[in-house]
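Each remark here refers to the structure printed beneath this line.
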Amino acid sequence: MKIGCLPENVIAEIFSRLPVKTLIRLKCVCTQWSSLISNPFFASLHLSRSVSNPTRHSILVHELRRQNRHISLDPHLNLGFDLTYPFGPGIIYVGSINGLVVEKNVRKSENLMNFKKISLRLLLIWNPSTRLYKTLPLGSHTDPCGITIGFGWEAIDNDYKVVKIGFYYGEFAEWAEVWTANLDSWKEIKVDRKFCLITNCCDVIVKRFSYFFAQDSPGNDGITLVASFDMRAEVLQVVSVPDSLLERQYDFNAMNWKETFALVARVSPEPRKIYQVWTMENSSVGKEHWNKKFTLEPDHIFYRTVNSVNGKFILRRHRTLILYDVENRDTKTVGRVKFPVLGAHYYVESLMSIKGFNHFGDDARRRWNEQELELNTGHVSIETKS
Amino acid sequence: MSSPEEKTLILKSSDNEEFLVKESVAVQCITIKNLVEDGCDLDAIPLLNVDSKNLAWIIEFMEKYADSTSTDAEKKDFDTEFVKKPFNDVLGLILAANYLNFPALMDVMCDACANEMKLWSVEQVREKFHIQNDYTEEEEKAVRAENFWAFE
């Protein structure tokens, strides 16, 4: 099929090298170009180029502003997203894959045992590159309890899934349910493993797995486990950390290292900081095994860990954000922020969308324009240095 | 007797001009490589969709890329100069590279085309690609309004 004077595969080849913002503009050229740009196969082609092109990677910085507003800033694009409008303050980032980001909003209350009970108030999937979003139904478990949320992608059906795991009073996981984008509905998942989750959001997303740190028993003496949810088989699995790390309570972080789950454990007591990096192969249920990759002693403190497609951590040193490559120890300054940083999250530019995606309303757009104004008038300083 | 690496092919453009190219260089075009491997025994390989202007350029590119003595930096400099052509010629080379299935040339030319496109307005894009706008006025307004942020 020819478009203008070029066949469609050639146009797609050229388009796959363009940033999302340009492509959105090019939708106006003619209806055929708009169809191509909206085509899910093209979105996959474009994503595959984005993944290997660092200029199409961005970082969402969650800042805590006055009035408890959480702003996501994209230093790369010099852009602010205030999801307070229309979603309310206190939005919390869950995870990102293929350029889609999941965020949540919760209502917390204390109970007598001083353990927070959480009610999920909002679950949202959005694409910061295309500025489209969808709010999810909340699921059938609505009693306040501890909730951990994970996100992932199932490649075969091109389906995005959000998993919710519930537990009471810091105890073992009780129930789980999973939402799939293709059906836009929740489904109950069997929990037949004993583990206690210690985070409220997934730690790492690698392809079809969402990983969470957990323990084998409540309290402070449990053995650290890595729980994972397989988006394809829709099962929860649990594996303990490598044997050599079982004896003591190490400081564990997680990252996506070359599309496998990697555990970064600080194995030295203060003040030295020696880390071991282990990867876990998780290709099929019950066949996980750990490989020790290397040991490192960086001179940066691991303050926040981030999902990353290429083995880097985002660190914060005072108000500067740094990208730290775990393998070759390169550091690169990404930007500077003026407000306290709640989190910094790596995502890839993409055209990915799910059924039911909407444009943000006028209210949000107005606020975002204000953020951009702030950025331009110097109230926030975000610069990208190489 | 020449060894296989030194075998020369005759490539014939659509306007009947013949070009001599070493086989080892020409097989960077997968279309030609397949023809050779399938045992094509024609005197000259006819390239019906490539005219002599484009074929000359393509051979220039192929020879640079097949040259093992040229460094990556040199190739990059070559590319920078090579793509400095009128836009219609850029599109012509992309079509030829697509027809010949020449990945390296496709890469360089598509990158060049994309880099130019980033800077153009919607109207300029239509003009350069010779595209007829098939939106109604209201439709186009709606698409622009929905994606207003992309135009800033």
Side-chain angles (χ1 to χ4, degrees), chain A residues 2-38 45-46 49 53 55-56 74 77-81 128-132 351 357-362 364-366 368-369 371-373 376, chain B residues 49 54 79 83 87-152:
Chain A
K2 285 198 181 269
I3 300 176
C5 51
L6 298 171
E8 195 170 88
N9 71 303
V10 170
I11 299 258
E13 200 41 59
I14 298 170
F15 279 8
S16 67
R17 293 145 204 274
L18 290 168
V20 172
K21 193 169 174 182
T22 307
L23 288 170
I24 300 288
R25 231 178 23 241
L26 292 180
K27 278 180 151 189
C28 293
V29 167
C30 64
T31 57
Q32 284 171 321
W33 279 26
S34 180
S35 293
L36 174 59
I37 293 165
S38 314
L45 171 64
H46 184 268
R49 279 210 191 273
N53 181 353
T55 64
R56 307 228 288 238
D74 187 329
L77 300 173
N78 211 31
L79 180 62
F81 302 97
S129 311
T130 59
R131 309 206 195 180
L132 296 172
L351 288 161
F357 250 11
N358 294 310
H359 291 268
F360 282 92
D362 290 331
R365 292 182 202 164
R366 201 173 44 244
W368 291 357
N369 286 343
Q371 297 310 316
E372 289 182 51
L373 224 58
N376 291 333
Chain B
N49 281 2
N54 280 301
D79 291 345
V83 301
F87 189 69
N88 274 331
D89 290 337
V90 170
L91 288 185
L93 277 168
I94 290 178
L95 279 170
N98 182 52
Y99 169 75
L100 292 172
N101 196 351
F102 186 177
L105 180 61
M106 194 67 176
D107 238 357
V108 168
M109 298 314 298
C110 287
D111 276 344
C113 178
N115 283 334
E116 279 201 76
M117 282 174 79
K118 279 183 211 170
L119 310 168
W120 295 339
S121 69
V122 169
E123 290 76 18
Q124 280 174 302
V125 170
R126 284 192 193 124
E127 200 192 295
K128 301 269 189 172
F129 280 86
H130 312 293
I131 290 179
Q132 191 72 305
N133 179 9
D134 61 345
Y135 280 115
T136 68
E137 215 183 298
E138 300 85 52
E139 281 170 350
E140 190 179 336
K141 247 185 165 170
V143 179
R144 274 185 194 257
E146 245 175 18
N147 302 298
F148 70 96
W149 52 271
F151 291 88
E152 279 149 22

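Here is the naming used below: chain letters follow the sequence lines, and residue numbers restart at 1 for every chain.
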Heavy-atom pair with the smallest gap, counting every atom of [X] and [Y]:
X: B:Trp149; Y: A:Lys21; value: O-CE, 3.5 Å
X: B:Asp89; Y: B:Asn54; value: O-OD1, 4.4 Å
X: B:Val90; Y: B:Cys113; value: CG1-CB, 4.2 Å
X: B:Met109; Y: B:Val83; value: SD-CG1, 4.0 Å
X: A:Lys27; Y: A:Ser34; value: O-CB, 3.5 Å

(message) Quick check on A:Thr130 against chain B: is it the side chain, the backbone, both or neither that has a heavy atom closer than 4.5 Å?
(response) backbone
(request) Against chain B, label A:Leu26 side chain, backbone, both or neither, depending on which of its atoms sit under 4.5 Å from a heavy atom there. (result) side chain
(message) Among residues at least two apart in sequence or on other chains, which ones pass ring pair (Phe, Tyr, Trp, His ring centres under 6.0 Å) with B:Phe87?
(response) B:Trp120, B:Phe129
(request) Heavy-atom pairs under 4.5 Å with chain A are the metric here; pick the option from B:Glu140, B:Glu123, B:Met117 that has the most. (result) B:Met117
(message) So which residue, B:Asn115, B:Val125, B:Ile94, ends up with the most heavy-atom pairs under 4.5 Å with chain A?
(response) B:Val125
Under 4.5 Å from any heavy atom of chain A, what part of [X] do you find: side chain, backbone, both or neither?
X: B:Ala145; answer: backbone
X: B:Asn133; answer: both
X: B:Gln132; answer: backbone
X: B:Val122; answer: both

(message) Taking every non-hydrogen pair under 4.5 Å, which of A:Ile14, A:Leu23, A:Val10, A:Thr22 racks up the most with chain B?
(response) A:Ile14
(request) Output all residues satisfying side-chain hydrogen bond (donor to acceptor under 3.5 Å, both in side chains) with B:Glu146, sequence neighbours left out; order by chain, then residue number. (result) A:His359
